[in-house]
Amino acid sequence: MAVHNSKLAAYQSVAVHGGIAADDPHHLILMLMDGVMQRISAARGCLERSDLGQKAQLLQRAVALIAELRGSLDHHKGGTLAHNLDQLYDYMARQLIRANVENRAGLLDEVASLMTEIRLAWMAVPLALRSAG
């Protein structure tokens, strides 16, 4: 039975990654943003339970996802907007690192709020512009 479960897990992993590869770039960015938000929320819960090891891992993953968001920016086409988002993402990553070191839930809330605002703006991008990229 363990071998069967192992093969099933491997298949599910391939299916999930295959679905991501075929997805559109606009949706991929949303998935990254959602991943950041989920990890911040889970890290906040860990902080409340004093599970500091798990909190650190979750925040490290959130910082890595923010790095992916930064890496997805097209500075040539995006100009000032891309530059400003790059700076904001950098700030958010530094705040998460600080929240991890200082165990400050308020910093987690700040980053979650900023990410929510960016996500709402990203969702407002018209469909015609999404496919033009």
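Every heavy atom of this structure was used, including side-chain atoms; hydrogens, water molecules and symmetry mates were not. Every value quoted in this text rests on a predicted model; they were computed, and no experiment measured them.
- Leu52 places a side-chain heavy atom less than 4.5 Å from the side chain of Leu47.
- Under a 3.5 Å cut-off, the side chain of Trp122 and the backbone N or O of Met33 do not form any donor-acceptor pair.
- In terms of hydrophobic clustering, with Ile, Leu, Val, Met, Phe, Trp and Tyr side chains grouped at heavy-atom distances under 4.5 Å, Leu120 and Leu81 are assigned to different clusters.
- Residues Leu69 and Met115 form a side-chain contact, since some pair of their non-hydrogen atoms from C-beta on lies under 4.5 Å apart.
- With Lys55 contributing its side chain and Ser50 its backbone, the two residues share no donor-acceptor pair below 3.5 Å.
- Asp86 places a side-chain heavy atom less than 4.5 Å from the side chain of His75.
- A continuous path of hydrophobic side-chain contacts links Leu114 to Leu96 [ILVMFWY only; heavy atoms under 4.5 Å].
- Using a 4.5 Å heavy-atom cutoff, the side chains of Asp34 and Arg119 are in contact.
- Counting heavy atoms from C-beta on, the side chains of Met92 and Ile118 come closer than 4.5 Å.
- Here the side chain of Ser41 pairs no donor or acceptor atom with the backbone of Met37 at under 3.5 angstrom.
- Every residue two or more places apart in sequence or in another chain that forms a side-chain contact (heavy atoms from CB on, under 4.5 Å) with Ala42 is listed here: Leu58.
- Of all heavy-atom pairs spanning Leu73 and Ala82, the tightest one is CD1-O, 3.5 Å.
- Judged by distance alone, the side chains of Gln87 and Tyr91 never bring a donor and an acceptor atom under 3.5 Å apart.
- Of the possible polar contacts, one joining the Arg39 side chain to the Gly35 backbone as a donor-acceptor pair under 3.5 Å is found.
- Leu107 and Leu59 are members of different hydrophobic clusters when ILVMFWY side chains are connected at heavy-atom separations under 4.5 Å.
- The minimum heavy-atom distance linking Ala62 with Val36 is given by the pair O-CG2, 3.9 Å.
- Within a 6.0 Å sphere centred on CD of Gln54, heavy atoms belonging to other residues, nucleotides or ligands number more than 12.
- At a threshold of 4.5 Å between non-hydrogen side-chain atoms, the residues Ser72 and Ile29 count as touching.
- Among residues two or more places apart in sequence or in another chain, the salt bridge (charged side-chain N to carboxylate O under 4.0 Å, His left out) test is passed with Arg61 by none.
- Residue Ile40 comes nearest to Leu108 through the heavy atom pair CG2-O, 3.6 Å, listed as atom of the first residue, atom of the second, then distance.
- Between Leu28 and Leu32 the shortest side-chain heavy-atom distance does not fall below 4.5 Å.
- The shortest distance between side-chain heavy atoms of His27 and Asp24 falls below 4.5 Å.
- The distance from atom NE2 of His83 to atom CG of Leu88, rounded to the nearest 0.5 Å, is 11.5 Å.
- Taken from CD in Gln95 to CG in Asp109, the straight-line distance is 12.0 Å, to the nearest 0.5 Å.
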